Amino acid sequence: MILILHTDTDTQGDNYRQLLEHLSHLPNIKARLHQEVGTLQTLTEIYLIGDTAILSVADMQALPCVDRVVRISQEYRILGRHTDDRRPTAFEYNGVRFGQDTLNVFAGLCAVDNPEHVEIMLRALRDNGQVCTRMGAYKPRTNPYSFQGHGKTCLPYVFELAGKYGIRVIAMEVTHESHVEEICAALEQTGQPTGVMLQIGTRNTQNFELLKSVGRQKQFPVLLKRGFGITLEESLNAAEYLASEGNSRVVFGLRGMKTNMGDPHRNFVDFAHVPVIKRLTRMPVCIDPSHSVGTRDRAPDGLLDVFHVTAQGIIAGANMVLVDFHPAPAKALVDGPQALLLSELAPFLEDVRIAHSAYEQRCARCAAT
Ligand code: PEP
Ligand code: MN
């Protein structure tokens with residue numbers, strides 16, 4: 001059961017003390033505080049865990065400070081959608097809104113290789129009206145001898161260049177909690193020119209200690225990729241780990257499943273799950289067409305498969321697109337074969353716009369009937 005308190009409830013005040021006192025006497029029930037600090041207001045919630053079936057919603061609603069009560073019947077306590085659940089499905093970070101009703105494109109380098117390529121990429125994004133990007137500094141590689149990413153050494157120039165070109169949010173994978181500290185330090189050192197969305201990759205979806213430590217920090221929102229070989233339920237529980245530790249600014253990313261049934265794509269494209277995740281949870285949903293398709297193959301209609309699956313995700317309501325581009329894919333140190341060319345950036349964004357407009361028309365038609 002969740003008690004949603006009145007906005008800006010004073011957690012030092014008498015009413016709040018009385019509420020906690022009452023809750024502490026409920027048998028076999030533990031109360032856990034959860035706060036979402038927004039720019040305008042703070043949302044305070046209390047999660048009641050244990051024998052909550054015996055509690056009446058009306059009784060709990062009558063307690064001091066309580067605005068609304070949500071009885072949780074399913075999994076994903078914090079991030080899930082529950083009966084009578086009017087909790088937000090969006091959050092804002094560094095001036096950019098992420099929600100189940102928005103669409104943000106994160107085009108950029110799979111892996112940072114050098115300052116020239118970063119700058120060419122960011123300039124192209126700025127010239128095409130973009131404020132988000134992807135930049136991999138820490139790369140989890142299958143082969144221990146492959147390039148592992150430049151790590152913290154590239155962060156200062158990546159952040160400075162992002163600031164120079166008006167980029168507000170960079171999706172950046174972390175594979176260890178020390179990477180979060182390095183990102184914090186580099187942002188500090190460069191004067192906070194941009195923001196970072198921490199990415200947890202598909203190989204770490206069930207790295208529970210990483211999830212817990214990234215969940216404990218609240219400075220950065222998190223993009224959690226679905227595990228490529230586990231069930232959707234297991235991946236959604238992984239997202240709940242982040243929220244259970246305190247960070248519920250989580251975007252859920254689909255990136256294809258590891259099975260040869262999806263050949264000739266690198267992974268089996270799972271974007272049919274976009275509406276399912278929006279139904280089960282309050283998280284914005286990201287699609288990653290690059291790691292799903294993994295090639296620059298083109299259909300007879302002239303469109304690259306990457307364009308096709310992007311449109312398929314967006315027409316089904318996806319809220320974020322993470323996509324690999326590179327100014328010189330032949331020179332890319334990671335995933336060159338799937339990178340789009342800079343000359344394809346404007347057509348890609350136009351294709352995204354067309355698919356999004358089709359999605360909006362579909363929603364309008366549905367609402368009108
Ligand atoms: C990535 O986005 O660079 C990446 C490695 O993705 P995934 O974890 O989905 O393989
Ligand atoms: Mn990659």
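Just so you know, ligand 1 is whichever comes first in the structure, and atom 1 is the first atom listed for that ligand. The structure displayed is predicted, hence computed values, not measured ones.
- With contacts defined as side-chain heavy-atom distances shorter than 4.5 Å, the pair Arg266/Val293 does not qualify.
- Within a 6.0 Å sphere centred on CZ of Arg32, heavy atoms belonging to other residues, nucleotides or ligands number 12 at most.
- Summarising the local packing, OH of Tyr93 is surrounded by more than 12 heavy atoms from other residues, nucleotides or ligands at distances under 6.0 Å.
- Taking the six-membered ring for Trp and thresholds of 30 and 60 degrees, His356 and Tyr359 have nearly parallel ring planes, at less than 30 degrees apart.
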Query raised in the report: Please walk me through it: do Arg123 and Glu119 pass salt bridge (charged side-chain N to carboxylate O under 4.0 Å, His left out)?
Result: CA-CA 6 Å; Arg123 189 186 301 123; Glu119 179 148 24; 3.8 Å; yes

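- Asp335 contributes atom OD2 as its closest N/O/S atom to the Mn ion (ligand 2).
- Ligand 1 is surrounded by Cys110, Arg134, Lys139, Glu173, Gln199, Gly201, Thr202, Arg203, Lys225, Arg255, Asp288, His291, each with at least one heavy atom closer than 4.0 Å.
- Side-chain atoms of Arg255 never come within 3.5 Å of backbone atoms of Asp288 as a donor-acceptor pair (strictly under, hydrogens ignored).
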